[in-house]
Number of protein chains: 2
Amino acid sequence: MTDRTTPTLASIAARVGVSVNTVSRALRAPNTVRPELRQKIRAAMDELNYVPNRLAGGLSGTRSDVVGVIVTSLHHSEFASLVDTLQAELLAQDLQVMLANTRYDPDEEVRLVRAVLSWRPAAIAIVGIDHPPKAVELLKAAGVPVVEMWDVDGPVIDTAVGIDHRAIGRAQGQHLVERGYRRLAFLGSLRDNDSRAHKRLAGVEEATSAAGLGHVVRRTEPLPGNPDLGERLLGELIERQSDVDAVVCNSDVIAYGVLRGLRRLGRDVPGDVGVIGFGDSEASSCLTPALTTVRPDREAIGRLAAAAILSRIDGGGPEIRRADWRLMTRETTARQSRIPLAMAAAIPADPLGKG
Amino acid sequence: MTDRTTPTLASIAARVGVSVNTVSRALRAPNTVRPELRQKIRAAMDELNYVPNRLAGGLSGTRSDVVGVIVTSLHHSEFASLVDTLQAELLAQDLQVMLANTRYDPDEEVRLVRAVLSWRPAAIAIVGIDHPPKAVELLKAAGVPVVEMWDVDGPVIDTAVGIDHRAIGRAQGQHLVERGYRRLAFLGSLRDNDSRAHKRLAGVEEATSAAGLGHVVRRTEPLPGNPDLGERLLGELIERQSDVDAVVCNSDVIAYGVLRGLRRLGRDVPGDVGVIGFGDSEASSCLTPALTTVRPDREAIGRLAAAAILSRIDGGGPEIRRADWRLMTRETTARQSRIPLAMAAAIPADPLGKG
DNA sequence: GACAAAAAAGTTACCGATAACTCAACGTTC
DNA sequence: GAACGTTGAGTTATCGGTAACTTTTTTGTC
């Protein structure tokens, strides 16, 4: 636009009349440069709108100040706020976030792992612990600290920070059983490679079978979750299994659509049907009836992940940390129990997710 | 982890027994290398888990394949889905997204513009058209295509894609006036440097003054928007101005809290008070009563922004494009009009946002 | 004022890729 | 079979910094 040449350290050096290295030092090790000279260098940089070239810096220097963050989704999801927290924490340590979004596509994941590694990041944070084999191989071979987020149960590459999804599923199932619901269904967006959701589902089944109830009916699709999908899946479910009396939704947005659908069908919530979500999105407490759901401590996950990254960069060892979560009991499951509590008591409870 | 040295082109070359350059060519210009040799090179790369070093590549080569994306927020916001769309579109063209989040902090914005420029990106996409002077200076001096998103009305650096926020405000105000609401309030999270929100507010005032109504009462805070803030601001508003009969919320999540608050206060919506939001978040159609709001065509903004970036990288000229938006008339403003429509007709309407 | 120690600035060798240039081998064509 | 174009591969310079090493200047002490 303005000059055809972007200013470099050399331009600054020439302008001030010192060597390139002195200019570099004025940035890297300011106290090795005479204050008045440093002042002149700063002024020249400001005047020329100098922006250091990290490509060169990174290639030459040993350290990197980028952290690659790989998420499975950003749209309508937990991960936006996770990335937000993570970025704020890392930025405070002068680490830059490079974000990539796989959109739940395993091939894309391999491609993005490669792309992110090609920037020689100081560390990588990635959602989930189930990755395509090639992605794991690349991550291991790169010798970069890897922090897996959101899930911790299973084989981990290096370090993991997350919540116990199976325990959450158990809590969801147990809660419904305690409230007297008997015929449970699981509804929502579900991808094969979303092992977190599969674990929650397994937890729900664990709870129902512990209570001696039948199978959990499923109605899922590998599409992005939103209310319309929720309402459609509910319609399809009711059509073939009209005696369902409780719906476990894989996310709150799905639950919103389910509630809308039930209202249209004239079913009373929580009287006829109970509904429980996952995520505690902001609207959930504002619905009528307010949605019972599970709130993972998102901020804690972000903070713990950032702390783990910093610790690993700093030479700390691998670790596994669990964040808390909470069952937010609200109105959509507020039915009086009709079964003796003794039965429900058989189900293992784990309200704090300490697994 | 495994080897202490990350493989480089030289490692591959040594292993296959060719020169470094041949290996480079096998990647950059495959058809200048004998197929069988190419095969061997590929095999070696795969075996050693070679990942090219973009720091080196970018420094040496002339082109860059990163696009910097700077947003003001990710948490509870439009921008998560904008980034999502943008990334999907750019990835299809082999462009990598580097994300930065200013959290509405102008100093942070300058710092992040600098940080992003230091990666020598092929282009920069940034939310808004109001930036700190230093940020504008840096962007202009860098000679990089800059695409400003979300807002288009005002001085633009280079290229902009967005919606007409003032027209949206007018439509919100006009709609409330038409439905017979007379004492309007504006509520929500509002930062000084969120010029989009200020434009919408100005639009609302334009509509009310055209209808001969009094000033729009404001109750705002520079905090992240969420339902709790909405409910609190509503409480404070009612306390000192109990005759307000319509609330324009700066975002849907604020509106959720306002609706919850009105319910607790025993005010009927839309009978006693009308509520309108902005954003059309997913829950909005699932609330009871369902929230009237404005839906910007987010996907279009993402697509247009990506197209603009590609066009600019490709040598196309700067341009300004507007995306559509729609007033989603639902139940929270479903009051019968009590004023002659003639009055309301005086207000300029612009339902398609073509400005 | 001489000398050693400390501080400040300059020199030089890379980091890992790419592009321009050069060179060798191999078919063609007349 | 000599001249020539093609194709495939090697050489070399370079991108913009940084770090290690060296040299010069300043400072402090006796």
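Letters go in sequence order (proteins before strands), and every chain restarts at 1.
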So L91(B) and R103(A), do their side chains get closer than 4.5 Å, heavy atoms only? no
Using the closest heavy atom to pick a nucleotide of DNA chain D for each, name whichever of A56(B) or S19(B) lands nearer the 5' end. S19(B)
Does R34(B) have a side-chain nitrogen or oxygen under 4.0 Å from the phosphate oxygens OP1 or OP2 of dA9(D)? yes
Sugar-phosphate, base or nothing in reach of N53(A), heavy atoms under 4.0 Å: sugar-phosphate
Picking from dT18(C), dA9(C), dG16(C), which would you name as closest to the side chain of L37(A)? dA9(C)
Sugar-phosphate only, base, or nothing, as touched by T8(B) at under 4.0 Å among non-hydrogen atoms: sugar-phosphate
For the pair made of CG in L9(B) and P in dA19(C), what is the distance, rounded to whole Å? 12 Å
Rounded off to whole Å, could you give me the CH2-to-C1' distance for the W119(A) and dC15(C) pair? 16 Å
Is there a donor N/O on one and an acceptor N/O on the other, under 3.5 Å, for the side chain of S60(A) and the base of dG17(D)? yes
So, D84(A) and R298(A), do they make that salt bridge, N to O below 4.0 Å? no
Heavy-atom side-chain contact between Q96(A) and L112(B) under 4.5 Å: yes
Sugar-phosphate only, base, or nothing, as touched by L55(A) at under 4.0 Å among non-hydrogen atoms: nothing
Is the base of dT18(D) touched by the side chain of N21(A) through a donor-acceptor pair closer than 3.5 angstrom? no
Roughly how many Å is it from CZ in R38(B) to P in dG8(D), rounded to a whole number? 9 Å
Is there a donor N/O on one and an acceptor N/O on the other, under 3.5 Å, for the side chain of R54(A) and the base of dG16(D)? no
Just to be sure I understand the rule, does T22(A) reach a base, reach only the sugar-phosphate, or reach nothing, if contact means heavy atoms closer than 4.0 Å? sugar-phosphate
L59(A) side chain: which of dG16(C), dG10(D), dG10(C) is closest? dG16(C)
Which listed nucleotide (dG10(D), dA9(C), dA17(C)) is nearest to the side chain of Y50(B)? dA17(C)
Please state whether the phosphate of dT18(C), meaning OP1 or OP2, lies under 4.0 angstrom from any side-chain nitrogen or oxygen of S24(B). yes
Heavy-atom nearest nucleotide on DNA chain D taken for N31(B) and for R120(B); more 5' hit belongs to N31(B)
Quick one: on DNA chain C, does V51(B) or R25(B) contact a more 5' nucleotide (nearest heavy atom)? V51(B)
Regarding D153(A) and R322(A), does a basic nitrogen lie under 4.0 Å from an acidic carboxylate oxygen? yes
When the distance from CZ of R28(B) to P of dA9(D) is rounded to whole Å, what number comes out? 18 Å
Has S118(B) got a side-chain atom pairing as donor or acceptor with R54(A)'s backbone, closer than 3.5 angstrom? no
So that I can tick it off, tell me whether D107(A) and K134(A) are bridged by a salt bridge, with the cut-off set at under 4.0 angstrom between side-chain N and carboxylate O. no
Please report the distance, rounded to the nearest Å, between CE in M45(A) and P in dG16(D). 15 Å
In whole angstrom, what separates E36(A)'s CD from dA9(C)'s P? 9 Å
